[in-house]
Amino acid sequence: ISRIPPALLISLGGVLSSANAAEYYVANSGSDSSAGTTPETAWRTIAHVNSRSFQPGDSILFRRGDVWRDTLYLHSSGTAEAWITVGAYGTGHRPRILGSVQATGWTQVATRIWRSATSVGNPYQGGYSYAEVFFEQADGITRWGIQKEYDASLSQMTDEYDWSWNANTLYVYAPSDPSSLYSAVEVPQRDRCIRFPGIDGVNVLPADYVQYLAIDGLELRYAMTHGIYPGYNEIEAHGLKVTHCDIGFIGVKGGSAAYGIAAWHSDMLIQNNDIHDCGRRGVSLNTYTSYTPGLTVRNVTVDNNRFYNGFHTTGPDIS
């Protein structure tokens with residue numbers, strides 16, 4: 001990991017745009033049939049953002065205080081002179097992009113055992129896609145659940161935060177009704193909060209790789225494998241900036257794939273983030289030469305982040 005030369009750091013840290021740059025807004029109260037070019041005409045869904053292509057210098061801004069439960073798929077590149085920015089607007093809490101479904105509608109089925117009415121897939125699927133259930137509390141603290149194998153008697157769940165799954169149904173052990181005990185019970189259902197093309201070894205042309213992209217001021221939580229994932233099958237790519245984000249509660253403790261950020265761009269800045277509670281690595285800097293022999297990643301700065309609660313590598317890990 002080397003320090004970026006001052007001139008390059010200015011480019012990464014500044015807001016670069018082009019004369020034809022546009023701002024697009026996304027809000028829970030918006031409409032996908034709107035223009036999206038003002039807060040009053042905001043789009044509504046991440047699915048609509050995923051369907052659009054963007055030009056160098058454009059910004060896609062999510063409203064603070066809002067929540068989306070979908071994977072943001074970024075497939076447009078900026079240029080060295082005009083980055084594409086994904087960020088926030090308004091006031092309040094960071095926009096949340098969550099890989100989870102909230103479990104609600106609780107019925108007590110045994111002593112301190114509760115069943116949710118929300119239909120959910122198994123978050124603990126095995127392989128690379130498995131995660132715990134997460135319990136958000138009123139004091140702002142989020143607790144990791146503890147997965148227990150299902151049996152019909154439900155006797156394997158004996159302590160608070162124990163959970164089990166069967167037939168699209170979630171069961172938890174809780175002293176009282178989870179709807180009043182917790183702010184939310186979050187059940188991971190998607191592998192990633194933000195992903196790029198080139199996933200899982202698929203052959204992708206160099207022009208398809210996302211470059212010169214800035215991600216700023218988002219909260220990314222409750223994915224099975226990654227908060228931000230540009231994918232494998234690496235070639236030389238440039239320009240990725242992740243700043244002022246909160247990325248955490250990914251996967252399972254000690255999992256084989258549970259990363260806050262897994263990236264491989266040259267000219268990369270990871271700065272002023274909270275990266276925490278990632279089951280494997282907070283930041284995985286990937287240079288897998290089996291995909292691209294001789295690949296070199298240059299000019300990476302990891303600066304002024306707060307790393308904590310790691311379960312394999314709390315901070316940066318070079319692969």
Side-chain angles (χ1 to χ4, degrees), residues 1-4 8-9 11-13 71-78 80 83-87 97 99 128 191-202 204 206 208-221 223-248 250-251 255-276 278-292 295-305 307 310 312-319:
I1 303 175
S2 61
R3 300 297 294 184
I4 296 181
L8 181 55
L9 187 59
S11 296
L12 287 171
T71 299
L72 179 61
Y73 178 45
L74 300 172
H75 52 86
S76 297
S77 287
W83 291 49
I84 290 175
T85 298
V86 178
I97 298 178
Y128 287 108
D191 283 348
R192 301 155 183 117
C193 296
I194 297 178
R195 58 161 285 186
F196 297 5
I199 302 300
D200 300 330
V202 176
V204 177
D208 293 327
Y209 280 102
V210 171
Q211 302 186 90
Y212 301 109
L213 176 74
I215 300 170
D216 181 72
L218 304 180
E219 181 177 300
L220 310 174
R221 293 193 174 191
M224 292 182 177
T225 58
H226 300 87
I228 299 173
Y229 183 49
Y232 288 139
N233 197 42
E234 291 92 338
I235 59 164
E236 187 167 352
H238 297 267
L240 178 63
K241 174 183 169 185
V242 181
T243 55
H244 305 105
C245 290
D246 182 301
I247 305 172
I250 307 294
S256 55
Y259 310 111
I261 301 170
W264 45 269
H265 284 59
S266 291
D267 307 330
M268 178 163 58
L269 177 66
I270 300 173
Q271 187 178 58
N272 298 330
N273 303 285
D274 280 355
I275 302 174
H276 58 94
C278 298
R280 188 159 185 84
R281 299 172 184 154
V283 173
S284 186
L285 302 172
N286 299 335
T287 56
Y288 294 116
T289 56
S290 59
Y291 289 98
T292 308
L295 174 68
T296 300
V297 176
R298 299 177 173 87
N299 297 329
V300 174
T301 291
V302 180
D303 174 58
N304 200 42
N305 301 280
F307 294 103
H312 175 275
T313 308
T314 301
D317 189 320
I318 302 175
S319 297

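Pairing each heavy atom of Ser77 with each of Tyr209, the nearest pair is OG-O, 3.1 Å. Of all non-hydrogen atoms in Ile250 and Ala258, the two that sit nearest each other are O-CB, 3.5 Å. Scanning both residues, Gln211 and Ala237, for their nearest heavy atoms gives OE1-CA, 3.3 Å. Of all heavy-atom pairs between Phe307 and Val283, the closest is CE2-CG2, 3.8 Å. Across all non-hydrogen atoms, the minimal contact from Cys278 to Gly248 is SG-CA, 4.4 Å. Of all the heavy atoms in His265 and Val297, the pair that sits closest is O-CG1, 3.4 Å.
Aromatic ring orientation, His226 versus Tyr259: tilted (interplanar angle from 30° to 60°).
The CG atom of Leu285 sits 5.0 Å away from atom CE of Met268, with the distance rounded to the nearest 0.5 Å. To the nearest 0.5 Å, atom CZ of residue Phe196 and atom CG of residue Leu72 are 9.0 Å apart. Of the inter-residue distances, the one linking Leu74 atom CG with Ile215 atom CD1 reads 6.0 Å to the nearest 0.5 angstrom. The NE2 atom of His238 sits 9.0 Å away from the CG atom of Asn299 when rounded to the nearest 0.5 Å. Taking CD1 of Ile247 as the reference point, atom CD1 of Ile194 lies at 7.5 Å (rounded to 0.5 Å). Note: Cys245 SG to Ile261 CD1 = 7.5 Å, rounded to the nearest 0.5 Å.
Side-chain contact of Gln271 with Asn304: a donor-acceptor pair under 3.5 Å is absent, judged by distance alone.
Scored by the side-chain contact (heavy atoms from CB on, under 4.5 Å) test, Asp246 finds Arg94, Glu219, Arg221, Asp274, His276 as partners (sequence neighbours excluded). With sequence neighbours excluded, the residues that form a side-chain contact (heavy atoms from CB on, under 4.5 Å) with Asp216 are Thr243, His244.
Checking side-chain atoms of Asn273 against main-chain N and O of Val242 turns up a donor-acceptor pair under 3.5 Å. Listed for the Thr71 side chain is a donor-acceptor partner under 3.5 Å among the backbone atoms of Arg192. With hydrogens and angles disregarded, no donor-acceptor distance shorter than 3.5 Å links the side chain of Ser284 to the backbone of Ala262.
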As a quick check of understanding, evaluate side-chain contact (heavy atoms from CB on, under 4.5 Å) for Ile275 and Ile270, giving each step before the final call. CA-CA 10 Å; Ile275 302 174; Ile270 300 173; 4.2 Å; yes
With side-chain contact (heavy atoms from CB on, under 4.5 Å) as the criterion, how do Asp191 and Tyr229 come out once you've worked through the C-alpha distance, each side chain's angles and the decisive distance to 0.1 Å? CA-CA 10 Å; Asp191 283 348; Tyr229 183 49; over 6 Å; no
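By the 6.0 Å and 45° rule, Arg195 stacks over the aromatic ring of Tyr73.
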